[in-house]
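Notes follow the structure.
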Amino acid sequence: QVQLVESGGGLVQAGGSLRLSCAASGRTFSSYVMGWFRQAPGKEREFVAAISWSGGRTSYADSVKGRFTISRDNAKNTVYLQMNSLIPEDTAVYYCAASLSSLTRGWHSGLSSEHAYDYWGQGTQVTVSS
């Protein structure tokens with residue numbers, strides 16, 4: 001069992017910034033690929049970003065590329081999502097997730113799909129006002 005807990009969400013004005021954190025505990029492995037997803041009211045959960053175990057490879061949804069940065073600190077079992085230039089469309093519950101399959105497959109295509117992830121946090125609300 002892996003437990004993931006997000007923090008750092010809140011209310012911010014458009015153009016502002018937030019940094020989300022995801023702390024992992026339990027059966028954690030530094031080699032997990034970690035991802036961030038978000039779900040806005042009335043919409044499906046969508047991919048935001050992913051990062052390899054080393055932090056050397058990252059992937060971003062086109063909607064956030066250039067504005068968001070994913071990073072990780074394996075010594076702290078924590079992954080971060082730095083969000084800059086926020087817009088109201090970024091309003092959503094943000095979830096972090098860990099991919100079990102990445103332990104054996106490593107970095108691979110398909111990591112933008114929620115089906116690639118096995119463990120999920122409870123989510124943290126991000127609200128961007130106009």
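- For the residue pair F47 and Y60, the shortest heavy atom distance occurs at CE2-C, 3.8 Å.
- Two residues are said to be in side-chain contact when any heavy atoms from C-beta on lie closer than 4.5 Å; R38 and S63 meet this criterion.
- Panel note: side chain R57, backbone A50; no donor-acceptor pair is recorded below 3.5 Å.
- For the pair R105/S99, no side-chain contact is recorded, criterion being any heavy-atom separation below 4.5 Å from C-beta on.
- The only member of L20, L86, N84 that meets side chain to side chain contact (heavy atoms under 4.5 Å, CB included) when paired with F68 is L86.
- Checked by atom type and distance alone, the side chain of T91 pairs as donor or acceptor with a backbone atom of V128 at under 3.5 Å.
- When every heavy atom of G121 is checked against every heavy atom of Y95, the shortest pair comes out as O-CD2, 3.5 Å.
- Shortest non-hydrogen contact noted between D118 and S101 is OD2-N, 3.7 Å.
- Residues Y80 and W36 fall into different hydrophobic clusters, defined by Ile, Leu, Val, Met, Phe, Trp and Tyr side chains chained together at heavy-atom separations under 4.5 Å.
- Note: Q122 CD to S7 OG = 8.5 Å, rounded to the nearest 0.5 Å.
- If you take CZ on R19 and OG1 on T69, they are separated by 11.5 Å, rounding to the nearest 0.5 Å.
- In this structure, the separation between NZ on K65 and OG1 on T58 is 9.0 Å, given to the nearest 0.5 Å.
- We find the CZ-CD distance between R67 and Q82 to be 12.0 Å, quoted to the nearest 0.5 Å.
- Annotation: side chain of W120 is not in contact with side chain of L4 (no heavy-atom distance under 4.5 Å).
- Atoms CG and OG1, on L18 and T124 in that order, are 9.0 Å from each other to the nearest 0.5 Å.
- Across G110 and A116, no two heavy atoms sit closer than the pair O-CB, 3.6 Å.
- Separating the CD atom in E89 from the OG atom in S130 is a distance of 9.5 Å, to the nearest 0.5 Å.
- Closest heavy-atom contact between M34 and C22: CE-SG, 4.3 Å.
- Taking the side chain as every heavy atom from C-beta outward, E6 and Y94 never approach each other to under 4.5 Å.
- Under the 3.5 Å distance criterion, the side-chain polar atoms of Y117 are matched with a main-chain donor or acceptor of L111.
- Residues I87 and V93 are members of separate hydrophobic clusters, defined by side-chain heavy-atom contacts under 4.5 angstrom among Ile, Leu, Val, Met, Phe, Trp and Tyr.
- By the 4.5 Å heavy-atom criterion applied to side chains, M83 and D90 are not counted as neighbours.
- Here the shortest heavy-atom pairing between C96 and V79 reads CB-CG1, 4.5 Å.
- Hydrophobic clustering of Ile, Leu, Val, Met, Phe, Trp and Tyr side chains at less than 4.5 Å, counting indirect connections, keeps V5 apart from Y119.
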